[in-house]
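Below you'll find the structure, written out as structure tokens, and then a few comments.
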Amino acid sequence: MFDVAIIGAGINGTATAHFLTQAGLKVALFDREGIAKGGSGAAGAFISPKISKGGPLKALIEEAYLYSLSFFRDNFPQHITLSPQLHIAKYDDDNEKVAYFKTHTNIPVGDVPAESEALLQDAAKAFASVYIKNSGVVDTEKTCKRLSDEAEFFLEEITAIERVGEMWRVGPITAEKVVLATGAYIPVVDEAYIKLRAIWGHRINIRTTTTVPHIIHHQVSLAPTTPEGLSAIGATHNVHYHPQLSDERYDMDAGRAELIKKATESVKLENIEVVADFVGLRSGSNDYLPLLGRIADTAKSIDLHPELLKGVKVPKEELVYHPNLYMINGVGGYGFVLGPYLAKQLSAHLINRSALDEQLDPTRFLYRWAKKQK
């Protein structure tokens with residue numbers, strides 16, 4: 001018997017496993033492919049703030065960025081490459097956002113260093129940019145494996161869970177609590193109000209005779225050159241492709257070619273050799289904020305409060321919830337920024353009922369969904 005079963009072994013699941021096992025809980029971790037084999041494995045894993053003018057998502061990501069940068073640096077220094085980051089606006093509409101961020105942030109920033117300026121193509125120089133002095137890129141697989149060291153891992157696809165008395169049956173084990181960290185893949189519990197956007201990601205590790213001095217974000221993201229002479233190019237591709245819902249296959253060659261084309265339009269890279277490909281789904285919510293907290297039972301909540309169908313926003317304490325069932329999801333392209341930060345909150349809630357961020361509660365979507373059903 002386990003205290004907690006976590007379904008999904010990406011950054012959200014493994015970070016949650018880390019904090020729970022550090023607190024002495026017995027944790028089972030499930031994944032159908034392996035640790036960091038989905039969207040987290042394909043992530044660029046940059047520890048970056050959000051470059052925008054403001055709003056709740058920017059504030060959340062900035063706080064998470066500061067926390068996660070320290071978390072990885074202090075706990076897994078061998079698996080993070082600390083590096084400044086040059087963020088270049090991608091579109092003309094982004095120029096104003098970059099300029100505003102540069103003058104309205106407490107994060108240490110500066111101008112483009114001369115060595116970076118010399119590497120940039122004219123297409124990149126035409127846009128506004130900001131040089132963020134404190135950033136980093138994480139080794140996705142090694143980090144997730146270290147985070148899950150103390151959990152018991154099961155290489156198994158979980159398509160459904162069953163309530164048995166006061167426990168959950170998850171595959172071959174039982175657990176008091178269940179955390180769903182399944183990203184954009186087929187959900188284990190089908191609640192129609194929870195809608196996640198599936199975003200297909202592709203990263204290639206490369207060798208190049210050009211030394212990349214630091215992280216560069218423009219049309220694609222480019223990681224700094226490691227002591228082994230490797231760099232990486234990553235981006236979101238083919239946002240509508242879903243490997244579980246499509247009969248088509250993702251065109252790896254075309255995706256690879258697109259990454260290289262966009263990278264070389266921004267940076268003067270020479271003699272590129274592709275060493276490895278990593279692909280997977282990232283998940284985002286419809287309002288772009290993550291989902292963190294309990295999962296409400298739609299059918300039972302509406303039976304108890306039919307006024308939900310008329311748009312009445314019943315206090316969330318009066319909704320009916322699946323017992324001891326939680327989710328951590330919808331982190332989009334900021335998984336390694338938000339993952340540890342949110343996982344720490346969720347773990348504290350599971351252990352001692354610490355409050356969770358109200359704006360991230362998944363039930364915010366239940367009210368909107370129910371109102372449309374009438």
Side-chain angles (χ1 to χ4, degrees), residues 11 43-71 83-113 116-117 120-137 195-197 199 201 214-223 234-236 239 262 265-267 282-292 329-342 345 356-362 364-365 368:
I11 182 58
F46 300 104
I47 310 302
S48 311
K50 182 173 176 59
I51 310 299
S52 66
K53 287 188 173 182
L57 182 61
K58 177 185 180 295
L60 172 68
I61 290 177
E62 192 157 310
E63 188 172 342
Y65 147 78
L66 293 170
Y67 172 81
S68 295
L69 189 62
S70 296
F71 173 77
S83 165
Q85 172 195 143
L86 176 61
H87 183 99
I88 305 168
K90 190 174 181 180
Y91 309 108
D92 288 337
D93 292 348
D94 292 335
N95 284 328
E96 189 178 347
K97 294 178 185 177
V98 172
Y100 183 91
F101 177 88
K102 194 173 180 178
T103 56
H104 292 78
T105 181
N106 294 322
I107 295 172
V109 299
D111 295 316
V112 183
S116 304
E117 184 81 19
L120 298 180
Q121 302 281 18
D122 290 342
K125 293 178 184 179
F127 291 89
S129 64
V130 57
Y131 184 73
I132 299 167
K133 296 181 179 180
N134 299 318
S135 186
V137 58
K195 299 292 185 184
L196 291 163
R197 296 176 294 108
I199 308 164
H214 49 65
I215 298 165
I216 301 174
H217 293 302
H218 186 212
Q219 294 192 73
V220 293
S221 298
L222 189 62
T236 297
V239 296
K262 288 184 175 180
E265 287 174 350
S266 301
V267 180
R282 304 164 190 171
S283 67
S285 71
N286 289 335
D287 64 3
Y288 298 96
L289 287 168
L291 293 89
L292 183 73
N329 211 330
V331 293
Y334 289 89
F336 283 80
V337 176
L338 288 167
Y341 178 79
L342 299 178
Q345 285 189 41
L356 293 172
D357 190 336
E358 290 286 336
Q359 68 177 341
L360 307 184
D361 193 313
R364 68 186 188 270
F365 293 112
R368 304 174 196 176

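Quick note: numbers below take in every heavy atom, side chains included, and nothing from hydrogens, waters or symmetry partners.
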Is any side-chain heavy atom of [Y] closer than 4.5 Å to one of [X]?
X: Val137; Y: Gln85; result: no
X: Val130; Y: Thr105; result: no
X: Tyr100; Y: Lys97; result: no
X: Val98; Y: Asn95; result: no

Next item on the list: I would like to know whether Phe127 and His87 meet side-chain contact (heavy atoms from CB on, under 4.5 Å); could you show each step before the answer?
Entry: CA-CA 10 Å; Phe127 291 89; His87 183 99; over 6 Å; no

Looking at [X] and [Y], what are the two nearest heavy atoms and their distance?
X: Leu196; Y: Gly330; answer: CD2-CA, 4.0 Å
X: Leu292; Y: Gln345; answer: CD2-OE1, 3.9 Å
X: Phe336; Y: Ala43; answer: CE1-CB, 4.0 Å
X: Arg364; Y: Ser285; answer: NH2-OG, 3.9 Å
X: Val220; Y: Gly234; answer: CB-O, 3.6 Å
X: Ser283; Y: Asn329; answer: OG-OD1, 2.6 Å

Margin query: Among residues at least two apart in sequence or on other chains, which ones pass ring pair (Phe, Tyr, Trp, His ring centres under 6.0 Å) with Tyr131?
Written below: His214

Item checked: All ring pair (Phe, Tyr, Trp, His ring centres under 6.0 Å) counterparts of Phe46, not counting sequence neighbours -> His217

Margin query: Take a 6.0 Å sphere around NZ of Lys125 and say whether it holds more than 12 heavy atoms from other residues, nucleotides or ligands.
Written below: yes

Checklist line | Within 6.0 Å of CD in Glu96, more than 12 heavy atoms from elsewhere | finding: no

Next item on the list: Please identify each residue that fulfils side chain to side chain donor-acceptor pair (under 3.5 Å) with Ser68, with sequence neighbours left out.
Entry: none

Note to self: Once side chain to side chain donor-acceptor pair (under 3.5 Å) is applied, do any residues pair with Ser83, and if so which ones, sequence neighbours excluded?
What the structure shows: none

What distance do [X] atom [atom1] and [Y] atom [atom2] have between them, rounded to the nearest 0.5 Å?
X: Gln121; Y: Gln219; atom1: CD; atom2: CD; answer: 10.5 Å
X: Ile132; Y: Phe101; atom1: CD1; atom2: CZ; answer: 5.0 Å
X: Ile216; Y: Ser266; atom1: CD1; atom2: OG; answer: 8.5 Å
X: Tyr334; Y: Ser48; atom1: OH; atom2: OG; answer: 7.0 Å
X: Lys90; Y: His218; atom1: NZ; atom2: NE2; answer: 9.0 Å
X: Glu117; Y: Leu86; atom1: CD; atom2: CG; answer: 9.0 Å

Item checked: Residue pairs, two or more places apart or on separate chains, that pass salt bridge (Lys or Arg N to Asp or Glu O under 4.0 Å) and touch residues 98-112 -> Lys102-Asp111

Please report, to 0.1 Å, the donor-acceptor pairs under 3.5 Å made by any side chain of residues 56-65, with sequence neighbours excluded.
unit_1	atom_1	unit_2	atom_2	d
Lys58	NZ	Glu62	OE1	3.1
Glu63	OE2	Tyr341	OH	2.9
Tyr65	OH	Asn134	O	2.5

Margin query: Between Val267 and Leu120, is the side-chain contact (heavy atoms from CB on, under 4.5 Å) condition met? List the steps.
Written below: CA-CA 5 Å; Val267 180; Leu120 298 180; 4.3 Å; yes

